[in-house]
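Written below as structure tokens is the structure these notes are about.
The first residue of the sequence shown is numbered 1, and numbering continues consecutively from there.
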Amino acid sequence: MLLDEECKGCLYNSQLKKVAKEQGEDEKFEKFKLGVKALCNNPPATYCAPLLMRDIDRFHRKIYGHSIDYSREKRLFNGKLLEMEHTLFAEITSSPNPVLAAMQYAMAANYIDFARISDLDESAITVVMRAALRANPSERAMLSLIGDLKAAKTLCYLHDNCGEIVLDKLLIRTIKRLYPQIKVTSVVRGSPIINDVTVTDAAEVGLYDYAEVIDNGADIPGTYLKEINPQTKTHLESDDIVIAKGLGNLETLYGEGYSVYYSFCCKCNHIAERFGAEYGSAVLVKEN
């Protein structure tokens with residue numbers, strides 16, 4: 001999905017706000033600010049938002065010697081949601097439709113996105129819990145997913161953000177409990193980028209207990225086919241089901257010819273309009 005003007009402004013504002021808060025507004029910051037402005041004003045015509053975010057992070061490394069640091073936010077959200085895991089899983093398993101209940105939580109958790117909203121704090125968890133109650137995945141998509149789960153032997157799960165991964169794990173646990181024949185492969189980012197999930201985060205939240213975890217080999221907050229490793233591409237092409245979380249995976253993979261279930265929050269007006277959804281709503285769609 002090509003880069004939208006709304007995306008440029010969003011990434012420019014959110015990352016400058018984050019860096020100003022962490023590094024201070026000194027001479028280095030002014031240089032970073034000018035460089036980010038140039039990147040946002042003149043991206044290649046073929047770019048999508050995750051590629052621009054990758055370039056911003058690389059430019060930060062050039063100026064400051066390291067990536068934009070979201071380790072504190074990762075620890076906060078992963079820890080807070082891990083504290084809730086037992087209670088939430090009990091609620092899900094007692095539901096008349098456990099896969100739907102787990103999906104609602106996983107969909108709503110995509111709100112935890114520091115590329116779009118740089119100053120989230122733990123109150124965002126309350127937003128997620130409330131959003132889960134309102135999440136209303138497409139009945140057609142859910143029926144299709146349930147049907148696919150009954151017949152599937154392999155599932156590729158493309159993860160997105162910190163915190164969110166704990167509720168993704170609850171969905172995977174639910175699927176494994178009801179459909180034990182399915183082998184799940186969880187795909188995370190190849191290196192730290194914003195608050196996206198890496199193999200370190202997957203280990204910290206216990207994801208390895210329920211899935212084989214691999215990284216996609218890229219430093220892009222999405223699944224960019226030109227740069228992911230062969231192992232990830234093989235799973236996309238051969239696994240029976242692919243579930244992709246978040247806007248980064250949507251923006252890099254949608255329209256590339258794969259049959260994918262996309263689960264995301266409409267944090268951008270152009271995304272909401274494209275999928276006929278309300279701004280801020282959680283969406284599940286299947287691309288055939």
Contacts of [X] that satisfy salt bridge (charged side-chain N to carboxylate O under 4.0 Å, His left out) - sequence neighbours left out:
X    : result
K80  : E122
K183 : E212
D4   : none
D55  : none

Over all heavy atoms of both residues, which pair between [X] and [Y] is shortest? Give the atoms and the distance, please.
X    : Y    : value
A49  : L11  : O-CD1, 3.6 Å
E251 : C48  : O-CB, 3.9 Å
L52  : C40  : CD2-SG, 4.1 Å
L81  : G163 : CD1-O, 3.2 Å
F29  : D26  : N-OD1, 3.0 Å
A202 : V197 : N-CG1, 4.3 Å

With no hydrogens and no angle check, just 3.5 Å: does a side-chain donor-acceptor pair link D69 and S71? yes
Does either side chain, that of Y261 or that of S144, offer a donor lying less than 3.5 Å from an acceptor on the other one? yes
Flag the pair [X] / [Y] as yes when at least one side-chain heavy-atom distance between them is below 4.5 Å, and no otherwise.
X    : Y    : answer
V99  : N97  : yes
L178 : L149 : no
I68  : I194 : no
F77  : I165 : no
P137 : M107 : yes
D239 : L155 : no

What residues form a side chain to side chain donor-acceptor pair (under 3.5 Å) with [X], not counting sequence neighbours?
X    : value
K176 : none
R54  : E227
Y210 : R173
T232 : N229

Which class fits the ring pair Y64 and F32: parallel under 30°, tilted 30 to 60°, perpendicular over 60°? perpendicular
Ionic contact status for [Y] with [X], cut-off 4.0 Å:
X    : Y    : value
K267 : E6   : no
E22  : K18  : yes
R189 : D215 : no
E85  : K169 : yes

Are L2 and F264 connected in a single hydrophobic cluster, I mean Ile/Leu/Val/Met/Phe/Trp/Tyr linked by side-chain heavy atoms less than 4.5 Å apart? no
Shared ILVMFWY cluster between V285 and Y279, side chains joined below 4.5 angstrom?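 No; Y279 is not reachable from V285 via cluster members.
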With side chain to side chain contact (heavy atoms under 4.5 Å, CB included) as the test, would you mind laying out the steps for Y105 and L171 before giving the verdict? CA-CA 8 Å; Y105 278 116; L171 176 55; over 6 Å; no
Nearest 0.5 angstrom please: [X] [atom1] to [Y] [atom2], how far?
X    : Y    : atom1 : atom2 : result
C156 : I243 : SG    : CD1   : 9.5 Å
L284 : Q104 : CG    : CD    : 10.5 Å
Q231 : T234 : CD    : OG1   : 7.5 Å
D160 : D168 : CG    : CG    : 8.0 Å
M142 : M103 : CE    : CE    : 5.5 Å
D201 : L207 : CG    : CG    : 10.5 Å

Got more than 12 heavy atoms from elsewhere within 6.0 Å of [atom1], [X]?
X    : atom1 : result
E139 : CD    : no
K33  : NZ    : no
H66  : NE2   : yes

Using residues 216-224 as the side-chain source, report each donor-acceptor pair under 3.5 Å to any protein atom, sequence neighbours left out, with the distance given to one decimal.
| unit_1 | atom_1 | unit_2 | atom_2 | d |
| --- | --- | --- | --- | --- |
| N216 | OD1 | G190 | N | 3.1 |
| N216 | OD1 | A218 | N | 3.0 |
| N216 | ND2 | G222 | O | 3.3 |
| D219 | OD1 | R58 | NH2 | 3.2 |
| D219 | OD2 | R58 | NE | 3.0 |
| D219 | OD2 | R58 | NH2 | 3.2 |
| T223 | OG1 | N249 | OD1 | 2.6 |

Going through the checks in order, is the side chain to side chain contact (heavy atoms under 4.5 Å, CB included) test met by I193 and Y70? CA-CA 8 Å; I193 179 76; Y70 283 91; over 6 Å; no
By the definition side chain to side chain contact (heavy atoms under 4.5 Å, CB included), identify the one residue from T252, I271, L253 that meets it with M1.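 So the option named by the test is I271.
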For a side chain to side chain contact (heavy atoms under 4.5 Å, CB included) with H235, tell me which candidate from L158, V242, T154, T185 qualifies. T185
With no hydrogens and no angle check, is any side-chain donor or acceptor of [X] less than 3.5 Å from a backbone partner on [Y]?
X    : Y    : answer
K245 : A106 : yes
Q15  : Y12  : no
D57  : M53  : no
N110 : C265 : yes

Check the pair S186, I172 against side chain to side chain contact (heavy atoms under 4.5 Å, CB included), reporting the backbone distance first and the verdict last. CA-CA 9 Å; S186 284; I172 291 170; 3.6 Å; yes
side-chain hydrogen bond (donor to acceptor under 3.5 Å, both in side chains) partners of residues 34-43, not counting sequence neighbours, each pair once: none
Just jot down the side chain to side chain contact (heavy atoms under 4.5 Å, CB included) partners of S281, sequence neighbours excluded, or say none.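 S281 satisfies side chain to side chain contact (heavy atoms under 4.5 Å, CB included) with C266, A277, E278, V283 only.
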Taking the six-membered ring for Trp and the single ring otherwise, decide whether the centroids of Y262 and F275 are under 6.0 Å apart.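 No, they do not, as the ring centres are separated by 6.0 Å or more.
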Is there any salt bridge (Lys or Arg N to Asp or Glu O under 4.0 Å) pair reaching into residues 147-156, and which pairs are they, with sequence neighbours excluded? D148-K286
